[in-house]
Amino acid sequence: MGLMGDGAGLLNTRQNREEREPTGRKAVTVAELLPAPRSAEPAQESAAAPDDASATAPALLSDLPDEDTLAMREEAEIEARHRVAADAGDPGAMSALGTLLLRRGDLDGAEPYLRGAVQDGDRAAANNLALLLHQRGGAEEAAGWWRIAAVAGSAPAAHALGRHLRERGDEPGAEYWLRQAAEAGHALGAYALADLLDHQRDVAAERWFRSAAEQGHREAAYRLARICAVRGQEREAEQWYRQAAAKRHRRAALRLGTLLEERGETKEAERWYLTAARDGEARAACALGFLLRDAGDIDLAATWWRRAAQAGDGNAANALGALHAQDGETQTAERWYRTAMEAGDVNGAYNLGLLCAGNGRAAQAEQWYRKAAYAGHREAANAVAVLLLQRGDAAGAEPWFSKAAESGSIDAAFNLGILHASRGEDAAARRWYEHAAAAGHAEAALQVAIALQREGDQHAAERHLRCAAGGGSPEAAFRLGALLDGHEEGRTEVAEEAEEWHERAARQGHRRAQVRLGMGAAKRGDVVEAAHWYRLAAEAGSRNGAFNLGLLFAREGSEPEAALWWTRAAEAGHGRAALRMALLSARRGDLPAAQSWCARAIDCGPPEVAERAARLTAAVSHELTA
């Protein structure tokens, strides 16, 4: 009897038991879609009884058949029994045999048995016949049989029919049948319904993703985790990532690794990156490389970067390029940067520009910067602008700075501030400095602080100086120390903090901070520390450092060494050092040298030094003409 109407009365318990569908994400082969055959006979009858000749046990264990051989023998015996029953007209045997042959890939052998079974109302046979026809390209006839089985209550058939209709563009029809499958507890149906609803931006999608995930569907678990992550529900997102990753979902393992790395749990993150990387997830291989690099294992990091780059990950190719560039292997670095660029990573072109610029190939650098900039790379646009500005083309540089700054480059925003300041456009410069400072640019925050100090707003200036000093600006640290030195309240605590900022600036090579620390140490009587800071400042070119170091040596009775440092300071334009050298020369009787140093002291000033030098000049001239 053919299946007509809803066909519900034609089904029986045995046929329902025969019908199964895997829980994988999507059908790939018939073997993956169909259930394994089940035997109706007792297990002890799956092998023939031995005759008298074979009743004795084998002499050796090696003579015993292995498990695969036993399984193949059992399957052959089951097939033989089904074939005998099917050929005798048993519809259940026809369904089972057709399913077995279909699983094996014998479509021609399976079709007549499945057609015979559906004539007797076997729902599983109808679904499997549809699968067979679909494999052969008979999509419309397959849909007819799926519809018959689905009307009869088959959840797998409803799922298959829903997917077929969605492929044909019939979303309302697809939703109806997928909902039938989902509401019957079919995991694949629940996932397919959720995917359709998500495509339609229907919030009900989450419910069905959750239903499928709770039944173990790994892609549904991953999609549900993404929804939770977007909402900021990190704990629940992690739970679903873990479920999907445990089922070898590569992207879930990658996301889980990223989440753990952000939390500082690098060991477990490394384990999940490794799991995903071994399964072919290039981004996980790249991330694993960075973790290994940070742990000091450069060679293994390069191995995973190479694997990721060969799989098309541009970020990994860039990392390899940087690694070779650091080792001076510019040709290899260039090859990997080109690989990154070919993979669609615009950083590859920018890095090629940096490589060429570092090798003095400015024209080629500009070409690569422009290529990256035209593709939207903001730092490349800033680099193009810097090159143009260095050539004196401020008008040409400004649009590139603006393009980069508007795309989010804080360096470009700062550079725009410098450009406007150079033209005397203080208001425009201030706007761009404030823009860059708000994004954390230390030098921009310093410029804002300087402007605020000029305006007399010391409180706001202090706030910006703290931001700039905390961001690593030695000038800001020095200015903050000087500002704190001027505070009246809480004198001891503030003075200590001021000295800490001066020391931070001094250790970063700030010469005035070094002189300030030297003066503080000298005031305390710590000559060794004072000499240390003065010498650092003097050797870095500080006139005050050299002069003060000379004073220190003079007080210690080392006049020749004092003269050495005063000479250096005076030649650099320090008026008081020149006056000291004039006095020293006069005491030594070297009047022409004294006259020469006096002239330099008058030129360098300040006024009180120039006045004393003038009086000394007159005295020296009198002596010379006496």
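In this structure, a donor-acceptor pair under 3.5 Å is present between the side chains of Asn318 and Asn351. Side-chain contact, Glu261 with Tyr273: a donor N or O sits under 3.5 Å from an acceptor N or O. Asp313 and Asn315 are not linked by any side-chain donor-acceptor pair at a separation below 3.5 angstrom, with hydrogens and angles left out of the test. Checked by atom type, the side-chain pair Gln595/Thr617 shows no donor-acceptor distance below 3.5 Å.
Rounding to the nearest 0.5 angstrom, the gap separating the CG atom in Leu549 from the CZ atom in Phe553 is 4.5 Å. Separation of atoms CG (Asn347) and CG (Leu354) is listed at 9.5 Å; rounding is to 0.5 Å. For the atom pair CD1 of Ile298 and CH2 of Trp305, the computed distance is 6.0 Å after rounding to the nearest 0.5 Å. Of the inter-residue distances, the one linking Phe414 atom CZ with Trp432 atom CH2 reads 14.0 Å to the nearest 0.5 angstrom. Summarising the geometry, atom CG belonging to Leu288 is positioned 12.0 Å from atom CD belonging to Glu281; distances are rounded to the nearest 0.5 Å.
When side chains are defined from C-beta on, Leu416 counts as touching Ser402, because their heavy atoms get closer than 4.5 Å. Looking only at side-chain heavy atoms (C-beta outward), Glu329 and Leu323 stay at 4.5 Å or farther from each other. Side-chain atoms of Val386 and Trp400, non-hydrogen and from C-beta on, never get closer than 4.5 Å to each other. Using a 4.5 Å heavy-atom cutoff, the side chains of Ser542 and Val515 are in contact. Using a 4.5 Å heavy-atom cutoff, the side chains of Glu475 and Glu443 are not in contact. Side-chain contact between Trp501 and Phe478 is absent, with no heavy atoms from C-beta onward closer than 4.5 Å. Proximity of Arg535 to Trp565: side-chain heavy atoms (C-beta onward) are separated by under 4.5 Å at one or more points. With a 4.5 Å cut-off on side-chain heavy atoms, Gln233 and Glu236 count as touching.
A salt bridge between Arg580 and Glu559 is absent, with no side-chain N of the basic residue lying under 4.0 Å from a carboxylate O of the acidic one. Salt bridge status for Glu366 with Lys371: absent, with no side-chain N to carboxylate O gap under 4.0 Å. Ionic pairing of Glu406 and Arg378 is not present here: no N-O contact between side-chain nitrogen and carboxylate oxygen is shorter than 4.0 angstrom. The pair Glu398-Arg423 counts as a salt bridge, with a side-chain nitrogen and a carboxylate oxygen less than 4.0 angstrom apart. We find that Arg516 and Asp485 are joined by a salt bridge, their nearest charged nitrogen and carboxylate oxygen being less than 4.0 Å apart. Using a 4.0 Å cut-off between charged nitrogen and carboxylate oxygen, Arg263 and Glu238 count as a salt-bridge pair. Using a 4.0 Å cut-off between charged nitrogen and carboxylate oxygen, Arg568 and Glu539 do not count as a salt-bridge pair. With respect to the salt-bridge test (charged N to carboxylate O, under 4.0 angstrom), the residues Arg431 and Glu434 do not qualify.
Nearest heavy atoms, Ala285 versus Ala308: CB-CB, 3.8 Å. Residue Trp533 comes nearest to Gln514 through the heavy atom pair CB-O, 3.2 Å, listed as atom of the first residue, atom of the second, then distance.
Relative ring orientation between His249 and Tyr222 is described as parallel, the plane-to-plane angle staying below 30° on a 0-90° scale split at 30° and 60°.
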side-chain contact (heavy atoms from CB on, under 4.5 Å) for Leu446 and His464? Distances and angles first, verdict last. CA-CA 7 Å; Leu446 171 62; His464 280 87; over 6 Å; no
Under the side-chain contact (heavy atoms from CB on, under 4.5 Å) rule, what do Glu455 and Gln453 come out as? Steps first, then yes or no, please. CA-CA 5 Å; Glu455 295 167 3; Gln453 283 185 304; over 6 Å; no
After noting the C-alpha distance and the side-chain angles of Phe401 and Asn382, does the key distance pass the side-chain contact (heavy atoms from CB on, under 4.5 Å) rule? CA-CA 5 Å; Phe401 278 140; Asn382 181 57; 3.2 Å; yes
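Open room surrounds CZ on Arg612; 12 or fewer heavy atoms of other groups in view lie less than 6.0 Å from it. A 6.0 Å sphere centred on CZ of Arg430 holds more than 12 heavy atoms belonging to other residues, nucleotides or ligands. Heavy atoms from other residues, nucleotides or ligands lying under 6.0 Å from CD of Gln331 number 12 at most. At most 12 non-hydrogen atoms from other residues, nucleotides or ligands lie less than 6.0 angstrom from CD of Glu234. The environment of Arg235 atom CZ is sparse: at most 12 non-hydrogen atoms of other residues, nucleotides or ligands sit within 6.0 angstrom. Residue Arg600 qualifies as enclosed at atom CZ: its count of foreign heavy atoms under 6.0 Å is above 12.
The one candidate from Lys523, Arg524, Arg504 that meets the salt bridge (Lys or Arg N to Asp or Glu O under 4.0 Å) condition with Glu499 is Arg524.
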